[in-house]
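A short worksheet on the structure shown next.
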Amino acid sequence: MAAAAAASPATGASYPSTTRKALLPTLRVSRKFKVAAAVSADPAPAFQSVTAFAPATVANLGPGFDFLGCAVADASLSLGDTVTATLDPTLPPGTVAIADVTSPSRPHLAARLSRDPLRNCAGIAALAALRALGVRSHAVSLALAKGLPLGSGLGSSAASAAAAAKAVDALFGSQLHGDDLVLAGLESEKAVSGFHADNIAPAILGGFVLVRSYDPFHLIPLPCPPELRLHFVLVTPDFEAPTSKMRAALPKHVAIKHHVRNSSQAAALVAAVLQGDATVIGSAMSSDGIVEPTRAPLIPGMAAVKAAALAAGALGCTISGAGPTAVAVIEGEEKGEEIARRMIDAFWLSGNLKATATIAQLDRAGARVISTSTLLD
């Protein structure tokens, strides 16, 4: 039987409900990173099982290191992770077990992922969601289907955590607010890849999200006009870039002129998202003068890939998250295939790396339920 982990007893504290303003909805919660009970009573399950999907994410977006990110997905929902949460009466109440891990497009990947719920992104987030809900009378088993590669810069750990938190919440009637779900996922991110929400926040909430602060925890979703047809060319080389290694390469000191320039570019990116200006979104994404210059040399061929994308008509190009995926932004998808081909060629010719490409669009929905099964009699 898969290992089970217990959710700690609820503390009785609660998070304030989501607050929304006319233009910029915001999420504010107190600094309690161990997710406390958001629901006072032990909730009854609403379904026997729930399957949820969470999309890939592009963190940093160039100059927005650790505080900007967006969700991206393809039409088939293959660019993301799927988790099925099922009530399991064979487990001790209040616990979570990892029943199955698969990776349909990368069968070798499943064997690398732990079945220990305390060492698996989905398991950690599911336990945090149970604590937030105050579940004490039921246990949950999880089946994780990985659609994202590890160490790709596409928010693989966040997608697993977001899908698990969403599925567990829906299993008990969808009682948690978006902020509670983000904090549940952040428990997983903290344990696996570091305490930063620029992947998990858009994976849960969808669209563009600004992480304003952690104390107090304050997220600002950035609504962009619905007519903006923003697409992303994601080119992932056959090369793993561990987040820890890529973070270790960051400069310890930053010149004031570079700080000012990066701050202005990040501000321009936020303004362009709100205004729906794809051209400025692309140029701002391409203008990181602090993080990208230190990480690009660690990804063979990255400089040539960026140059190839821009020459082929991309509005901008940078490293997705910690890499090694290169992300180019375009308006519409008409140029997507040609830009992807040029980027793949550049990885091979300049970096001697094979690469695969996906053309995705901005995912405005974030983590969502895709199927349910009714309670057994």
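For the numbers below, each heavy atom of this structure counts, side chains included, while hydrogens, waters and symmetry mates do not. Quick caveat: nothing in here was measured; it's all calculated off a predicted structure.
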Any donor-acceptor pair under 3.5 Å linking the side chain of Arg229 with the backbone of Glu227? no

Under a 3.5 Å cutoff, is there a donor and acceptor pairing between the side chains of Thr325 and Ser320? no

What's the shortest heavy-atom distance between Lys306 and Ser286, and which atoms? NZ-O, 2.9 Å

Would Arg364 and Cys224 satisfy side chain to side chain contact (heavy atoms under 4.5 Å, CB included), going step by step from the backbone distance to the final call? CA-CA 9 Å; Arg364 298 172 186 261; Cys224 58; 3.5 Å; yes

What I want to find out is whether Arg342 reaches Glu338 closely enough, with some N-O distance under 4.0 Å, to be called a salt bridge. yes

On a heavy-atom basis, which atom in Ile339 and which in Gly313 lie closest, and how many Å separate them? CD1-C, 4.0 Å

Quick one, Leu127 and Arg131 - any side-chain contact, counting heavy atoms below 4.5 Å? yes

Search all heavy atoms of Gly134 against all heavy atoms of Arg136 and return the closest pair with its distance. O-NH1, 3.2 Å

Flag yes if more than 12 heavy atoms outside Arg119 fall under 6.0 Å of its CZ atom; otherwise flag no. no

Side chains of Thr374 and Gln48: donor-acceptor distance under 3.5 Å anywhere? no

Which atom names give the shortest non-hydrogen contact between Gly206 and Val209, and what distance separates them? O-CG2, 3.8 Å

Check whether any side-chain heavy atom of Pro297 lies under 4.5 Å from a side-chain heavy atom of Met302, and answer yes or no. no

Working for side-chain hydrogen bond (donor to acceptor under 3.5 Å, both in side chains), residues Asp116 and Ser114: CA-CA 5 Å; Asp116 181 348; Ser114 175; 5.1 Å; no

Exercise answer: donor-acceptor pairs, residues 265-280 side-chain atoms, under 3.5 Å, sequence neighbours excluded:
residue : atom : partner : partner atom : Å
Asp277  : OD1  : Thr279  : N            : 3.2
Asp277  : OD1  : Val280  : N            : 3.2

From Ser137 OG over to Leu87 CG, what is the distance, rounded to the nearest 0.5 angstrom? 11.5 Å

Tightest non-hydrogen contact, residues Lys335 and Ala312, listed as CD-O, 4.4 Å

Indicate yes or no: at least one non-hydrogen side-chain atom of Val329 is less than 4.5 angstrom from one of Leu61. no

Do His138 and Pro45 come close enough that some side-chain heavy atom pair is under 4.5 Å? yes

Rounded distance [0.5 Å steps], OG in Ser283 versus CG in Leu315: 8.5 Å

With rounding to the nearest 0.5 Å, note down the distance linking NE2 in His177 to CG in Leu183. 12.5 Å

Candidate pair Phe65 and Asn262, rule side chain to side chain contact (heavy atoms under 4.5 Å, CB included), full reasoning: CA-CA 10 Å; Phe65 177 70; Asn262 258 44; over 6 Å; no

Result block: side-chain N/O donor-acceptor pairs under 3.5 angstrom for residues 347-362, not counting sequence neighbours:
none

Can you confirm whether Ile220 sits close enough to His218 that some side-chain heavy atom of one is under 4.5 Å from a side-chain heavy atom of the other? yes

To the nearest 0.5 Å, how far apart are CG in Leu219 and OG in Ser213? 8.5 Å

Side chains of Asp88 and Thr90: donor-acceptor distance under 3.5 Å anywhere? yes

Ser188 side chain to Ala125 main-chain N or O, any donor-acceptor pair under 3.5 Å? no

Pairwise distance CD1(Ile330) to CG(Leu230) - rounded to 0.5 angstrom: 8.5 Å

Name every donor-acceptor pair, under 3.5 Å, that has one atom in a side chain of residues 144-153 and the other anywhere in the protein, sequence neighbours excluded.
residue : atom : partner : partner atom : Å
Lys146  : NZ   : Asp81   : OD2          : 2.5
Lys146  : NZ   : Ser156  : O            : 3.1
Lys146  : NZ   : Ser156  : OG           : 2.5
Lys146  : NZ   : Ser160  : OG           : 3.1
Ser152  : OG   : Pro149  : O            : 3.3
Ser152  : OG   : Leu154  : N            : 3.3

For the residue pair Phe47 and Ala170, what are the closest heavy atoms and their distance? CD1-O, 3.4 Å

Hphob cluster co-occupancy, Leu133 + Leu181, side-chain heavy atoms under 4.5 angstrom: yes

Any ion pair linking Arg295 and Asp288 (charged N to carboxylate O, less than 4.0 Å)? no

For the residue pair Asp198 and His196, confirm or rule out a side-chain donor-acceptor distance under 3.5 Å. yes

Please check if the number of heavy atoms outside Asp100 that lie under 6.0 Å from its CG is greater than 12. yes

Those residues at least two apart in sequence (or on a different chain) that pass side-chain contact (heavy atoms from CB on, under 4.5 Å) with Ala71 are Pro55, Thr57, Pro202, Asp363

Is there a side-chain contact between Phe67 and Leu210, using heavy atoms and a 4.5 Å cut-off? yes

Are Leu176 and Val182 joined in one hydrophobic group, where the rule is that I, L, V, M, F, W and Y side chains link up if heavy atoms are under 4.5 Å apart? yes

Pair Lys166-Val83, side chain to side chain contact (heavy atoms under 4.5 Å, CB included): steps then yes or no: CA-CA 9 Å; Lys166 186 70 174 181; Val83 171; over 6 Å; no

Starting from Leu310, can I reach Val235 by hopping between I/L/V/M/F/W/Y residues whose side chains sit under 4.5 Å apart? no

Answer with yes or no whether the hydrophobic clustering places Val101 together with Val50; edges join I, L, V, M, F, W, Y residues whose side-chain heavy atoms lie under 4.5 Å apart. yes

Contacts of Thr318 meeting side-chain contact (heavy atoms from CB on, under 4.5 Å) (sequence neighbours excluded), chain-then-number -> Met285, Glu292, Val327

Tell me, please, which residues at least two apart from Asn120 pass side chain to side chain donor-acceptor pair (under 3.5 Å). none

Look at the side-chain heavy atoms of Ile, Leu, Val, Met, Phe, Trp and Tyr, link any pair under 4.5 Å apart, and say whether Leu298 and Leu250 land in one connected group. no

Can you tell me how far NE2 of His231 sits from CD of Glu333, rounded to the nearest 0.5 angstrom? 4.0 Å

With heavy-atom distances below 4.5 Å as the criterion, would you say the side chains of Thr51 and Thr372 are in contact? no

So, Ser373 side chain and Ser49 main chain: donor-acceptor pair closer than 3.5 Å or not? yes

How about Leu171 and Val140: do any of their side-chain heavy atoms sit closer than 4.5 Å? yes

Is the backbone N or O of Ala322 less than 3.5 Å from a side-chain atom of Asn60, with the two atoms forming a donor-acceptor pair by type? no

